[in-house]
Amino acid sequence: MSDSKKNPTKELAALRRVRNVYGAEAEREKRRLIDALAAAPPRNAAGLAHYHDDLLFIRAFPGDPETLKRAARALGVVERAFMKTPAKDRAAYNESGMTGAKTHHAFPYPLARWLARRAPSEAEFDWRAFDAARLELLLRLLMRANEREGFDSGEFTTRAWIKAARRVDAHSDLQWIVEALAAAPKAQQAAIEEMWTAAEPDIVWNLAGSRYSATRYMLAGAPVVMRRAMRKPPPDPARHIAKPLASVERLEPKRARAVIEAARVAISSRDREVTAMTAANPDEVYWCDLGEGVALAVLGVAPADRMMIEANYGYLLVSNGAPIGYGGVTPLFRQANTGINIFDSYRGSEAAFLWTEMLRAFHTLFGVGRFIINGYQFGEGNSEAIASGAYWFYYHLGFRPAAPDLRKLAEREAARLARPRAAKSSKATLKALAQGDLHLDLPGFDKRDHFDEALLPQFSARAARLLSDEPAAARAEAEARISERLAAALNVHSMRGWPAAECEAFAMLAPIVSIVPGLAAWPPEDKKNLVVMMRAKGHAQERDFAEAARQTPRFFRALVKELRKS
């Protein structure tokens with residue numbers, strides 16, 4: 001047997017080079033390499049993981065039905081071969097989502113419930129890393145009176161008690177505890193979630209053979225489109241992003257739940273977390289067709305988990321049913337903070353083009369005129385982003401530093417890089433550039449509408465001071481008093497007929513809105529728009545709030561002015 005058959009590095013390198021190339025000749029070469037590697041797969045975990053990533057890429061961006069079929073079949077070969085490699089070698093690919101690997105994470109309560117329901121035999125508390133005593137308060141909620149004396153006696157460790165009390169048909173300690181907690185009265189669920197968060201239970205998810213692994217999982221019903229090429233970004237990204245995206249639809253709840261599950265699977269299996277996916281709202285999931293079998297799903301947050309003056313959304317990027325990227329976007333007045341994260345297996349695709357289309361979708365949904373990228377996305381405290389030179393990905397698409405000194409540094413470095421045979425930017429330069437935000441302004445954006453995100457923590461502190469000034473022992477009573485005064489100032493004579501959620505939203509926002517002085521003297525139209533915005537925070541779709549916020553420039557400009565005094 002030849003060396004290439006034992007460790008087929010040449011075939012692996014050749015497949016990596018051709019996986020994003022299209023045309024009849026390229027497809028024949030892909031099929032030849034897929035078949036050769038399937039017949040004699042790499043014998044080590046590293047080679048199999050390399051092959052696995054290329055097969056995932058081809059499945060997401062296929063150029064031919066037969067190539068797609070062979071790639072899908074070869075993933076089964078990789079799965080079987082990977083499970084035969086030593087466990088210590090497979091461990092190097094934990095948190096990758098690959099079948100045969102594991103994911104360790106302190107899963108939040110909603111995701112732990114999802115795991116216990118969907119994959120009860122695959123997930124368990126990581127008892128080697130987690131002290132069971134941290135679960136004692138939660139366990140006491142499950143006990144009957146006739147159990148507590150024994151538990152309180154000190155004769156049993158928490159683990160021993162769990163072993164004795166666990167339901168006989170449960171697949172795992174995790175399944176038993178989570179299902180029992182979920183069966184507690186609805187009124188207790190908020191407290192249970194808080195106690196779970198405080199306990200930070202470590203959970204290990206074994207993806208060996210799991211239908212939720214990146215190897216196997218696909219979003220059912222997604223279109224499959226054969227590729228002819230990778231698309232390029234437009235020459236003027238900002239002007240292109242400002243054009244409305246025609247294909248944006250809000251999904252009905254059944255389809256929305258399937259997309260929410262796909263988002264949770266994609267990020268949880270890779271040890272990642274996005275609040276908008278953990279607490280997703282089935283009544284607000286948008287499907288944005290980006291063409292060529294690629295779609296962007298934008299997920300709203302359930303009302304109980306919403307932010308105050310920002311709207312909060314997660315997103316999942318899907319190509320031919322394969323989740324290829326994820327992230328979040330938070331509209332705030334007339335701007336939005338966001339970023340792009342492509343899973344490792346799908347690097348080298350058409351990320352620049354897709355990013356412009358994603359921003360176009362966000363602009364269509366929320367009407368924002370400025371996009372903000374925080375430093376972490378391109379290197380601040382992120383060694384991976386520094387190593388990849390992520391800064392220039394954003395820069396070439398029109399993003400520019402917010403700080404004048406960083407803008408000058410970026411201009412000098414960009415000019416240097418444009419010279420023939422210029423060396424790549426040094427790590428020191430990239431770290432310096434990553435010390436501030438990047439902005440992309442669409443045509444017509446008014447810089448007076450910028451809301452400095454550094455001010456965001458201030459409004460809660462100011463609201464707390466307003467609540468403390470009220471002569472009321474209960475914070476709820478203090479909030480109600482502020483709400484009553486604000487309603488009078490804004491000409492709200494009665495809330496009868498308002499849905500309960502809108503009344504709650506108005507009261508919740510009242511201490512924040514009341515930071516702005518002189519509201520009673522505002523013109524009637526400005527008052528009306530402000531009330532509409534406050535009520536919209538309680539709507540089923542938070543997009544209504546994002547839209548209403550854009551119509552209240554007087555309020556946001558005044559709020560910024562007041563917060564800067566803090």
Under the 3.5 angstrom rule, does the side chain of [X] hit a backbone N or O of [Y] as a donor-acceptor pair?
| X | Y | result |
| --- | --- | --- |
| Arg90 | Ala45 | no |
| Ser460 | Pro457 | no |
| Arg306 | Val301 | yes |
| Glu147 | Arg144 | yes |
| Ser153 | Gly150 | yes |
| Lys537 | Phe545 | no |
| Asn94 | Lys102 | yes |
| Tyr93 | Thr99 | no |
| Arg59 | Thr215 | yes |
| Ser268 | Val265 | no |

When you compare the side chain of [Y] with that of [X], does any pair of heavy atoms fall below 4.5 Å?
| X | Y | answer |
| --- | --- | --- |
| Thr338 | Ile373 | yes |
| Ile260 | Trp114 | no |
| Val329 | Met358 | no |
| Met495 | Phe506 | yes |
| Gln377 | Ile340 | no |

Side chains of residues 313-323: which donor-acceptor partners sit under 3.5 Å, not counting sequence neighbours?
from   : atom 1 : to     : atom 2 : distance (Å)
Tyr313 : OH     : Glu284 : OE2    : 2.7
Tyr313 : OH     : Arg543 : N      : 2.7
Tyr315 : OH     : Tyr326 : O      : 3.2
Tyr315 : OH     : Gly339 : O      : 2.6
Ser319 : OG     : Ala60  : O      : 2.7
Asn320 : OD1    : Val225 : N      : 2.7
Asn320 : ND2    : Ala60  : O      : 2.9
Asn320 : ND2    : Val225 : O      : 3.4

With [X], which residues qualify under salt bridge (charged side-chain N to carboxylate O under 4.0 Å, His left out), at least two apart?
| X | answer |
| --- | --- |
| Arg272 | none |
| Glu384 | Arg347 |
| Arg117 | none |
| Glu124 | none |

Inset, instruction - Name all pairs fulfilling the salt bridge (Lys or Arg N to Asp or Glu O under 4.0 Å) condition that reach into residues 259-270, sequence neighbours left out, sorted by first residue then second. - result: Arg118-Glu261
Legend entry - Within residues 463-472 or reaching into it, pairs that qualify as side-chain hydrogen bond (donor to acceptor under 3.5 Å, both in side chains) - sequence neighbours excluded: Glu470-Arg485
Inset, instruction - Give every residue pair that meets the side-chain hydrogen bond (donor to acceptor under 3.5 Å, both in side chains) criterion with at least one member in residues 498-510, sequence neighbours excluded. - result: Glu502-Arg535, Glu502-His539
Side-chain atoms of residues 198-209: list all donor-acceptor pairs with protein atoms under 3.5 Å, sequence neighbours left out, distances to 0.1 Å.
from   : atom 1 : to     : atom 2 : distance (Å)
Trp205 : NE1    : Glu122 : OE1    : 2.9
Asn206 : OD1    : Ala208 : N      : 3.0

Inset, instruction - Output all residues satisfying ring pair (Phe, Tyr, Trp, His ring centres under 6.0 Å) with Phe371, sequence neighbours left out; order by chain, then residue number. - result: none
Legend entry - Partners meeting ring pair (Phe, Tyr, Trp, His ring centres under 6.0 Å) with Phe156 (sequence neighbours left out): Trp161
Inset, instruction - Go through the steps to decide whether Leu139 and Leu142 satisfy the test side-chain contact (heavy atoms from CB on, under 4.5 Å), and finish with yes or no. - result: CA-CA 5 Å; Leu139 289 171; Leu142 309 180; 4.2 Å; yes
Legend entry - NZ/NE/NH1/NH2 to OD/OE distance under 4.0 Å, Arg140 and Asp152: yes
Inset, instruction - Using a strict 4.0 Å threshold on nitrogen-to-oxygen distance, state whether Arg481 and Glu477 make a salt bridge. - result: yes
Only distances under 3.5 Å count here; give the side-chain donor-acceptor pairs of residues 183-193 to other protein atoms, sequence neighbours excluded, each with its distance to 0.1 Å.
from   : atom 1 : to     : atom 2 : distance (Å)
Gln189 : OE1    : Tyr109 : OH     : 2.9
Gln189 : NE2    : Leu181 : O      : 2.9
Gln189 : NE2    : Ala184 : O      : 3.2

Legend entry - Glu136 side, atom CD; Leu141 side, atom CG - distance, nearest 0.5 Å: 12.5 Å
Inset, instruction - Start with the C-alpha gap between Asn337 and Asn374, add the side-chain angles, then the distance that decides, and say whether side chain to side chain donor-acceptor pair (under 3.5 Å) holds. - result: CA-CA 8 Å; Asn337 188 312; Asn374 293 144; 2.7 Å; yes
Inset, instruction - Please report the C-alpha distance between Glu453 and Gln335 in whole Å, then the side-chain angles of each, then the deciding distance to 0.1 Å, and finally whether the side-chain contact (heavy atoms from CB on, under 4.5 Å) criterion is met. - result: CA-CA 10 Å; Glu453 293 179 325; Gln335 66 191 45; 4.1 Å; yes
Inset, instruction - Assign the ring pair His105 / Phe107 to parallel, tilted or perpendicular, where the plane angle (0 to 90°) is split at 30° and 60°. - result: perpendicular
